[in-house]
Amino acid sequence: MSGHKIIALNRRARYDYTVEETYECGIELLGTEVKSFRDGKISFPDAWAEVVDKEVWLRSLRVAENPFSSVFNHDPDRRKRLLLHRDEIKRIARKTDERGYTLIPLSFYFKNGRVKVELGLCKGKKQYDKRAGIRDRDLQREVEREFRRN
């Protein structure tokens, strides 16, 4: 895909959650935060999003300070506003009010020079769901090995 550069993926999210829907959204950043995104200096192991007053906010995303910004640096732990259409926000708010749905950032990437977030509407997996996923993946791997041998 031209114009796409992946910054970070949240592989753990697809293991811990079942992703029902995904949304591509923009993110409101400060200049020094964009520089840190370009350097890949972000951490989001337990990041999540919430709908507050018809706006979607991303929490627990840590964007490292830029060492060259001196006094104009940003707060690394501040919450960031996600940019979505009004009807998407309403749909997300309805779903998250239901029991068990969570908004999890699945990936961050550049699209035509702008930082985008792939936001997933997810439901938590139980332990037996995780084991079933591992079993299916192992079976698929064995089938592929057999095809390669023959």
Side-chain angles (χ1 to χ4, degrees), residues 1-138 140-141:
M1 291 184 285
S2 67
H4 277 62
K5 180 186 174 224
I6 294 175
I7 301 167
L9 292 172
N10 189 352
R11 291 191 205 112
R12 185 87 188 162
R14 295 201 188 268
Y15 177 74
D16 288 336
Y17 299 94
T18 303
V19 180
E20 302 284 326
E21 296 177 41
T22 60
Y23 298 93
E24 179 184 72
C25 37
I27 183 169
E28 195 176 88
L29 296 173
L30 302 173
T32 54
E33 289 176 328
V34 175
K35 288 180 181 182
S36 295
F37 266 90
R38 288 198 188 286
D39 294 339
K41 303 272 196 284
I42 62 170
S43 174
F44 59 107
D46 44 310
W48 53 282
E50 64 180 345
V51 180
V52 179
D53 296 330
K54 298 179 182 175
E55 292 182 335
V56 182
W57 293 90
L58 188 61
R59 310 298 291 266
S60 297
L61 168 67
R62 183 168 178 79
V63 181
E65 292 182 343
N66 192 313
F68 302 108
S69 301
S70 65
V71 293
F72 302 108
N73 240 324
H74 60 275
D75 175 23
D77 296 316
R78 79 175 185 90
R79 63 185 192 159
K80 287 122 186 102
R81 185 166 64 151
L82 297 179
L83 308 173
L84 287 152
H85 291 284
R86 191 176 296 129
D87 59 322
E88 289 178 325
I89 294 174
K90 284 180 186 175
R91 194 175 324 124
I92 288 171
R94 256 183 273 129
K95 287 281 193 172
T96 54
D97 288 343
E98 290 179 25
R99 192 169 154 261
Y101 279 105
T102 312
L103 290 170
I104 304 291
L106 302 175
S107 65
F108 292 89
Y109 55 93
F110 281 105
K111 182 177 180 182
N112 299 327
R114 300 192 190 278
V115 178
K116 299 288 183 178
V117 181
E118 183 184 17
L119 194 65
L121 188 64
C122 305
K123 215 168 203 174
K125 281 185 184 177
K126 302 280 190 255
Q127 190 64 39
Y128 57 83
D129 291 333
K130 294 178 187 180
R131 282 195 293 266
I134 292 169
R135 189 178 324 110
D136 293 343
R137 203 167 44 237
D138 288 345
Q140 185 65 32
R141 197 175 297 135

Exercise for the section: Decide if atom NZ of Lys35 counts as having more than 12 heavy atoms of other residues, nucleotides or ligands within a radius under 6.0 Å. Expected result: no

Handout entry: Over 12 non-hydrogen atoms of neighbours within 6.0 angstrom of CD1 in Ile134
Key = yes

Problem - Any donor-acceptor pair under 3.5 Å from Lys116 side chain to Arg114 backbone - result: no

Practice task
Look at the side chain of Ser36 and the backbone N and O of Lys41, then say whether any donor-acceptor pair between them is shorter than 3.5 Å.
Solution key: no

Minimum heavy-atom separation for [X] to [Y], with atom names?
X	Y	value
Ala47	Ile104	O-CD1, 3.9 Å
Tyr17	Lys125	O-CE, 3.7 Å
Val19	Gly120	CG1-CA, 4.4 Å
Arg81	Glu55	NH1-OE2, 3.0 Å
Leu61	Lys80	O-NZ, 3.5 Å
Phe44	Pro105	CE1-O, 3.9 Å

Report the distance from atom [atom1] of [X] to atom [atom2] of [Y], rounding to the nearest 0.5 Å.
X	Y	atom1	atom2	result
Lys5	Phe37	NZ	CZ	12.0 Å
Leu58	Phe108	CG	CZ	5.0 Å
His85	Tyr23	NE2	OH	12.0 Å
Lys95	Leu103	NZ	CG	11.5 Å
Ser60	Arg79	OG	CZ	12.0 Å
Ile89	Thr96	CD1	OG1	11.0 Å

Exercise for the section: Determine which pairs satisfy salt bridge (Lys or Arg N to Asp or Glu O under 4.0 Å) with at least one residue from residues 15-25, sequence neighbours left out, and list them in order. Expected result: Arg12-Asp16, Asp16-Lys130, Glu24-Lys111

Handout entry: Candidate pair Thr32 and Glu65, rule side chain to side chain contact (heavy atoms under 4.5 Å, CB included), full reasoning
Key = CA-CA 7 Å; Thr32 54; Glu65 292 182 343; over 6 Å; no

Exercise for the section: Could you check Ile27, Leu83, Leu84 and say which one makes a side-chain contact (heavy atoms from CB on, under 4.5 Å) with Val56? Expected result: Leu84

Problem - Electrostatic pair Asp87:Lys90 at N-O distance under 4.0 angstrom - result: no

Exercise for the section: Begin from the C-alpha positions of Asp138 and Arg141 and carry the test salt bridge (Lys or Arg N to Asp or Glu O under 4.0 Å) through to its verdict. Expected result: CA-CA 5 Å; Asp138 288 345; Arg141 197 175 297 135; 3.2 Å; yes

Handout entry: Arg78 and Leu30, any side-chain heavy atoms less than 4.5 Å apart
Key = yes

Exercise for the section: Please say whether the positively charged group of Arg38, taken as NZ for Lys or CZ for Arg, lies over the ring of Phe110, i.e. under 6.0 angstrom from the six-membered ring centre and within 45 degrees of the axis. Expected result: yes

